[in-house]
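Step one of this worksheet: look at the structure below.
Note that the numbering runs from 1 along the sequence shown for the chain.
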Amino acid sequence: MVFGREEKVSTLRITGIQYFLLAAFLILGFGLWQLQIGKSDYYAGLAERNRIRTVPILAPRGKILDREGRIIVDNYPSTSVLMVRDLQRDLNADVDQIASGLHMDPDEVRDRLAHFKNTPQYQPLVLKEDITPDELAFVESHRNELPELETISEHRRLYPKNGFMAHAIGYVGEVSEDMLNQPAFEFYKAGDIVGKSGVEQEYNDMLMGKDGSRREIVDSRGRVVGKMDEVPAVPGKQLKLTIDLDIQIAAEEAMGDKTGGIIAMDPHTGEILAMVSRPTFDPNQFAVRITKGYWDQLLSDEGKPLMNKTIQAQLAPGSTFKIIMATAGLQEGIAQNLHVNCPGGATFYGRYFKCWVAAEHRTHGLVDITKGIYQSCDVFFYTLAEKLGIDKISKWATMLGLGQKTHIDLPQEVAGVMPSEEWKIRNFKQKWFAGETISVGIGQGAVAATPVQMMRAIGGIASDGHMVRPHIVDFGDLPPEGQPLYKQISDKYPDQTTVPIDPENWQIITDAMAEVVQPEGTAPSAHVQGVDFAGKTGSAQTVSNAARKILKGAEYKDNSWFVGLTPRRNPDIVICVLYEGGEHGKLAARIAAQVIRAFVDKKRRVLNNVAYAAPPGYVAKPAKATPDKPDAEKETKPVDLSVAPAAQLQQPGHVEMAGMWNEADRDGQGDRLGGAKFDVALDAKPRKPVKAAPGMD
């Protein structure tokens, strides 16, 4: 019998298989240990996130109000689309369908995905803001196919129409990557909406509020199947400004479409009453997402609409600087007895300097300090500058705030330039030449100031040296969160300082300023009847006379300046107008006069509405009889003629008045004097002021 040979497996192969199986079990065991023990918290968190989704609840920004509580900036309800990125889903595959439904460019959607790729996946990104009803319907109807899309309700900024007060308010926008790298924005995240200029930027932390969140239970496809807890958003604090809407509207209308700026302040407190800059921009364009076309338009505009010219336009102040020169000259004991003959110009250091009247083939004749101010004689101030010297001029101008920021509570203020010998050596490594002082004496040469600086300086001079730091927010109404910011600023930059001015010098300057709007002054057309209105005109060259002959064009016209106030001493309002290319200071003065008139009219109206003396001869209508008395017992109670409160003057009364006039004869030849008595009905109802900024009703 023959038996077959048995095949045996080699010991080496068996050993290899055993080690392979052992390694496989070790790997599986390690993986099981990792899942259940080593990284149990991590995988539990992933599983929880697959089941629970966190949706942000955005906090509305605080409203911005004027000094009387009227709305300037509000919010409106809006819906935005979010893209949830923590789903196990290829989002790029859905881009075309999403872009079509939301009326977006597919490349724009891809760009946003790429822009936020480094942010945590559990943070949803804002895909499109302020969607339309049909876009909302698209998202709701495609919940199953596009579970990554989510909607969120939020409040967006609503600004006044037509760029009203745009530079003071500012605008908001999405925080940029550069901003996120700055320490001030370390607690912000990509996609947050923050203030980018004006009050919106300066007081962003207070206006912004704190976002909340809502946790939802979702299934494996991202569909919401239930809700968990919710942390409500904390709205931003509302902010009250010192702006008076009635004065602001008057300033906006007075400026019209002219290029330049207007700023008005209460020189007792530093409260800004109005601020206008032209050309302006529409901050509503920034409230959602500004288009590239509009942004390019703003950047290419030669008028620089994004510049707040009241605090950023540093230009030669022209003859408005002569008030500072007069202060320096009087305080140094030089100007009191200075009498100069103005034949239309004068020679200093071998160079002939013209007076502005030479262009009109006139002369000023003999000029003292008073006439020098109200007729703005250049020759007088050339001479005064020569006698003072640049260092004394610089000393007084610096004391009055030129060449330095006013530290108004708005961002991006500039400091301007006040030259001196030390300034020129430091900046140009050159000595100061005496001839350069002559141009400085009339606010030209190296002098550069902003409207807010000139307003503060001349307002301080008219207030007997009482200088205040301008501010646009009502510090007395700041919530607790804003108090540390105010204290930090006020500790570093005092709210009030005093520049010593002799009372006699103060009277000379302010009386001369009052003559500026009189027939002999440089701006008689700006006179406001019945108002103690004073000021100083200025015209400042933008290029030299030699350059003007070569570079002809409207853009090289002189800038028109005016700083005005009422009353002339210890004024209640001071206003600075810069009219770029206006040429004549009287044109800026007319603009200022419109604002002054509005201020005085409102002040009188407010006083009249509280209580005022009854007009002579006023007799109120008999009071209505009470129902429970017969006609014979009806009583009439006359109004107290000494003081008649507004409540007593709500019903019309009558005043007997007389008048006289000139009129033509019956045959149309010559004039004759006419006169008569009138029974004039009085209506003491108060005029109703505006309720809100334009477009905010």
Side-chain angles (χ1 to χ4, degrees), residues 316-358 363-400 402-403 418-421 432-447 449 454 457-458 460-462 465 499-502 504-513 515-516 520-522 535-541 561 563 585:
S319 293
T320 57
F321 186 77
K322 291 173 182 176
I323 300 300
I324 296 172
M325 286 291 299
T327 304
L330 289 168
Q331 288 298 117
E332 294 291 338
I334 297 173
Q336 289 89 337
N337 301 313
L338 183 63
H339 294 80
V340 176
N341 180 51
C342 172
T347 301
F348 298 91
Y349 305 106
R351 178 184 168 192
Y352 187 73
F353 292 82
K354 289 183 179 181
C355 184
W356 69 271
V357 293
T363 67
H364 280 126
L366 191 63
V367 182
D368 62 0
I369 182 64
T370 298
K371 186 177 179 180
I373 291 174
Y374 72 75
Q375 291 198 356
S376 197
C377 178
D378 291 339
V379 173
F380 180 88
F381 285 97
Y382 292 149
T383 307
L384 181 59
E386 179 190 35
K387 292 182 177 298
L388 281 170
I390 188 60
D391 285 339
K392 286 182 180 178
I393 296 173
S394 178
K395 180 189 80 170
W396 282 96
T398 302
M399 288 170 64
L400 291 165
L402 269 67
M418 186 57 231
S420 65
E421 290 190 24
W432 180 269
F433 295 101
E436 296 176 275
T437 308
I438 307 304
S439 295
V440 171
I442 62 166
Q444 295 276 179
V447 182
M454 295 307 300
I458 295 181
I461 293 169
V499 176
I501 298 178
D502 185 272
E504 186 177 347
N505 297 337
W506 174 46
Q507 186 169 341
I508 291 172
I509 294 169
T510 50
D511 285 346
M513 289 172 64
E515 293 296 318
V516 169
E520 295 297 319
T522 53
K536 183 69 189 78
T537 55
S539 298
Q541 290 181 327
W561 286 79
V563 181

Indicate yes or no for a side-chain donor-acceptor contact from [X] to the backbone of [Y] under 3.5 Å, with no hydrogens or angles considered.
X      : Y      : answer
Gln331 : Pro500 : yes
Trp561 : Thr537 : no
Ser539 : Gly585 : yes

Please tell me if the side chains of [X] and [Y] come closer than 4.5 Å, counting only heavy atoms from C-beta onward.
X      : Y      : result
Val340 : Cys377 : no
Ile509 : Ile323 : yes
Leu402 : Phe321 : yes
Asp511 : Thr370 : no
Trp432 : Thr437 : yes
Ser394 : Glu421 : no
Lys387 : Leu338 : yes
Thr383 : Phe348 : yes

Gap separating the [atom1] atom of [X] from the [atom2] atom of [Y], nearest 0.5 angstrom:
X      : Y      : atom1 : atom2 : answer
Phe381 : Cys342 : CZ    : SG    : 12.0 Å
Met418 : Met399 : CE    : CE    : 13.5 Å
Glu515 : Gln375 : CD    : CD    : 10.0 Å
Leu400 : Ile461 : CG    : CD1   : 4.5 Å
Asn505 : Thr510 : CG    : OG1   : 10.5 Å
Ile324 : Ile458 : CD1   : CD1   : 6.0 Å

>> Listing request: all salt bridge (Lys or Arg N to Asp or Glu O under 4.0 Å) pairs with a residue in residues 316-331, at least two apart in sequence or in separate chains.
In response: Lys322-Asp378
Measure across [X] and [Y] and return the closest heavy-atom pair with its distance rounded to 0.1 Å.
X      : Y      : value
Met325 : Gly441 : CG-O, 3.4 Å
Ala540 : Gln444 : CA-OE1, 3.2 Å
Gly535 : Val516 : O-CG2, 3.1 Å
Leu384 : Ala335 : CD1-CB, 4.2 Å
Val379 : Ala346 : CG1-CB, 4.0 Å
Ala449 : Met454 : CB-SD, 3.8 Å

> Partners of Lys395 by salt bridge (charged side-chain N to carboxylate O under 4.0 Å, His left out), sequence neighbours excluded?
Replying inline: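 Only Glu332 meet the salt bridge (charged side-chain N to carboxylate O under 4.0 Å, His left out) criterion with Lys395.
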> Under 3.5 Å, is there a donor-acceptor pair linking the side chains of Ser376 and Thr522?
Replying inline: no
> Angle class for the Tyr382/Phe353 ring planes (parallel below 30°, perpendicular above 60°, tilted otherwise)?
Replying inline: tilted
> Does the pair Glu436 and Ile390 meet the rule for a side-chain contact (heavy atoms from CB on, under 4.5 Å), with working shown?
Replying inline: CA-CA 9 Å; Glu436 296 176 275; Ile390 188 60; over 6 Å; no
>> Testing Ile369, Asp368, Ile373, Asp502 one by one against Ile508 for a side-chain contact (heavy atoms from CB on, under 4.5 Å), which residue passes?
In response: Ile369
